[in-house]
Every structure is written in C-alpha cells, then in structure tokens.
Number of protein chains: 2
Amino acid sequence: MTEVNKRTQIKNAAAKLFRKKGYRATSMQDIADALGIKAASLYNHIKSKQEILTELLMNIALAFTAGMDDIRNSSLDENSQLEELVNLHVNLTFKYKDSIALITGEWVHLDPEILPQYLEKRNNYEEAFMAILESCQKKKLISESTNLDIALFSILSSLHWLYNWHNKNPDLGKIELAAQLKKILLHGLISPKK
Amino acid sequence: MTEVNKRTQIKNAAAKLFRKKGYRATSMQDIADALGIKAASLYNHIKSKQEILTELLMNIALAFTAGMDDIRNSSLDENSQLEELVNLHVNLTFKYKDSIALITGEWVHLDPEILPQYLEKRNNYEEAFMAILESCQKKKLISESTNLDIALFSILSSLHWLYNWHNKNPDLGKIELAAQLKKILLHGLISPKK
DNA sequence: GTCTATAGGCTGATAGAC
DNA sequence: GTCTATCAGCCTATAGAC
C-alpha cells in the first residue's frame, strides 16, 4: 500500500474509469488526467489501452478459476461447497472492487484474439458451478422440479452484481453480507409455511 | 408486424446494436448499415443518436412504472404482489427483448439533462419494490433477520439479467420461466430441512 | 520518464443536390 | 427521403526533444 508501481497505478485508475463510464467512453486522456500526467506518457508503462482491459479481466478470471479449483478439491459436502462459492464471490468483490465490475459487460470489448480465451475460462467456471448444483439435486438438497439452468443464472446474476451493491453500502461487513446472501440466495426469501 | 415506421425500424436496429456492442461502440454507420441506408439519411427520421437512447430507455422506465402502479393499486396480498412483480419482469423481458438490456449499464450514457429524470423513475420503482418487501416482513412472510436491502438488490439483479438468459434459451415458455423464478427467488433453492 | 507535436482514422452531424 | 461531400472534433498511438 505504501509504494506502488506506476503501471499498477495506471491499471487501478483505468479500472475505476472503465467501471464508471465504460471502456469505449474512457479515453487515454481521462486515465492520464486521473494520474496528473499527459496521455502520451502512459505509453512508457503500457502497450495499449486494450492491454489494460485484457490484464484487468484476465486477472479476475484467474482469481475465480483458482477459487473454484480450491473448492472442488476440498472434501466439503455439496451444501458447504455452495456456501463457499458465495464466500468466494464476496471475497473477490472486496478484493477487486473496481475491476470486478467489468465482468458484467465490458468483456465484450476484448480483442477478438483474446476474447475466446476469456470466454473459455468463464464457461469452465459456470460448468463447474453447475456440476455442484447437479450434485445437490442428486442428493435431494435441491428439488427435482427445479430448472438448474435458471437457478445457476439467477445466483450468478446476483453474485456478479454484488460490486454494485457493495459500493453503495461499504459499511456492511464481509461476514454479514456473505451470511445474508447464503440465506437469501440458497434458502429463500419467503419463510416456509408451517 | 406488417408495416413498420422507418423511425421504429431505426430504434429497433439501434437497440439491438446498443445491446450487443454498447452505446459508445455503436456508430451511426453501424445503424445505417443494418438498415441498408447511408448514415446521413438517418437524420431525416431522428434528431440524434442520443435521442434514440433516451427514447429506448424512457420507454422501458415507463413500462416498469405503469406495471408497478397496477400491482400496488390491486387488492392482492403481499405474497401475490411479489409474484406479480416477477411476472412483470418476465413479461417486459419478452416484450422489449433488446432495449431492456440497456437498463443494466447503458443508462450511464444518457445526457446529463435527461439522466436525473431516468434515475428518479428508477428510484421510485425500487422504493415501491422495497415497500412491498417491508409489508411482507411486517406480516412475518419474511424473516425478521433478513436484510431487505440485500434481498431487494439480489432479486433485482436476477430479474434485470433475465434478458441475457432469455436470449440463450428462447425455447422456454413465459409461464414456466416465471414459475421457476418465483420458486428459486422467493422460496429458495435448497429444500428446507425436515 | 516526461513532455510537445502530430499522424491517421473515425465520430456525430449538417448542407445541399437530386 | 435518399444521396455525396464535408466539417470539426476527438481518438489511439508514435516520434523525437529534453
């Protein structure tokens, strides 16, 4: 936190701007202004604007992949694995406050050469998530009549948009946020009828 | 469906492109190409690119506001009102297949003069949604320990991203989709312990 | 590693012929 | 209502002085 690489400063500033205005609406001028230098000076530290986006997004993708591997390699039961996935998303949302916002929409601006690599990681993650849901259904933790495609989409939507909510409520702690999400996402909002 | 205004054709083509590439990455060229005309010809039908975005987004905002008013003015009980809100989102997702995608991110590109009007409608909608959740909690339909801010954010995240899911699974009917969402979002994924 | 200067391309929008 | 021609501005990125 004390001494930070200028390259890192550029990536941090860019992440904040990409998040707020989007990749295309953010100019190199904007990024340079945020750091108090001229736009041309940025190119002493980075190759291109696209390089920044690529590194930000691939970094996030790797973090999710690594977290998922950890969970799948654990001996936790299915229910606990689901809860750990919620923890993973909460933790990464706190850790990558700005750049995590890019996974909901800005990934479309990745160069056609990089895009397939990104999407492959994303698909792998979603398939691994789905495999856990299927285990849950097989063990009757999830009702047989539940459409798992919809369940997966629904949970991931909430978890992907966490960054947005978190930004408005920075006072709520990680632990409480994760606990509430587990309750609401996994165990339902409406109390079961007695 | 037979005879469509050229203005409407432009808005439809723009909605599809804004959704796919984003507002800033979509040029008037792109829109004109989609219609087989020259970019300059667009200006015989519309005032500006911004006008298209404004009309698309305000139209959606009005549809949500009207739907919410209908529900609040009904005599349905709290639980049924929540279910009707899910129906509302599913119906509007089917009706405004492309332009509904803009509410998750592209609204940031609204002109500073229009943006406050849009955000006011959005806030009103979310407050009305919250009021229904509060009624549910007061009647013990929702546990006292549930954080309603998180619950609201979580449900809206899933409902806002419906358009994305729906596009990939066009074969699933409206009724079944709505039924599954009510079960998963409101009554929980994991079966209650016996 | 910063700067100024500038290239080369694309942008939204307008003017005016047909 | 379409077209061609064009403007003025902004964009990413590079070259080269300091």
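Below, chains carry the letters A, B, ... as their sequence lines are ordered, and counting in each starts from 1.
A:K11 meets the salt bridge (Lys or Arg N to Asp or Glu O under 4.0 Å) test with A:E55; sequence neighbours excluded. A:F129 is linked by a ring pair (Phe, Tyr, Trp, His ring centres under 6.0 Å) to nothing, counting only residues two or more places apart in sequence or in another chain. Shown here are the ring pair (Phe, Tyr, Trp, His ring centres under 6.0 Å) partners of A:H45, two or more places apart in sequence or in another chain: there are none.
Distance NE2 (A:H45) to C1' (C:dG1): 6 Å, rounded to an integer number of Å. Computed from coordinates, the B:Q50 CD to C:dG12 C1' distance equals 12 Å when rounded to whole Å. One interatomic measurement links the two molecules: CG of B:L42 to P of D:dG1, which rounds to 13 Å at whole-angstrom precision. Atom pair A:K49:NZ and D:dA13:P shows a separation of 8 Å (rounding to whole Å applied). The distance from atom CD1 of B:I46 to atom P of C:dA13 is 7 Å, rounded to the nearest whole Å.
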As a quick check of understanding, evaluate side-chain contact (heavy atoms from CB on, under 4.5 Å) for A:L181 and A:H89, giving each step before the final call.
CA-CA 10 Å; A:L181 282 170; A:H89 279 259; over 6 Å; no
Go through B:D30 and B:K21 one step at a time and tell me if the salt bridge (charged side-chain N to carboxylate O under 4.0 Å, His left out) criterion holds.
CA-CA 10 Å; B:D30 293 332; B:K21 318 205 298 173; 3.0 Å; yes
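Contacts between residues 51-60 of chain B and DNA chain C, defined by a heavy-atom separation below 4.0 Å, involve no residue at all. The stretch residues 26-41 of chain A touches DNA chain D through A:T26, A:S27, A:M28, A:A40, each having a heavy atom under 4.0 angstrom from the strand. In the region residues 7-24 of chain A, proximity to DNA chain C at under 4.0 angstrom, judged on heavy atoms, holds for none of the residues.
A cation-pi arrangement is present between A:K49 and A:Y23, with the terminal nitrogen or guanidinium carbon under 6.0 Å from the aromatic centre and inside a 45° cone about the axis.
Here the CD1 atom belonging to A:I142 is positioned 12.0 Å from the CD atom belonging to A:E144, to the nearest 0.5 angstrom. Rounding to the nearest 0.5 Å gives a distance of 14.5 Å between NZ of B:K140 and CD1 of A:I190.
Centroid-to-centroid, the aromatic rings of B:Y163 and B:W161 come within less than 6.0 Å.
Between B:Y125 and B:F64, the ring planes are perpendicular. Angles over 60° get that label, and only those under 30° would be called parallel.
No more than 12 heavy atoms of other residues, nucleotides or ligands shown are found within 6.0 angstrom of CZ on B:R72.
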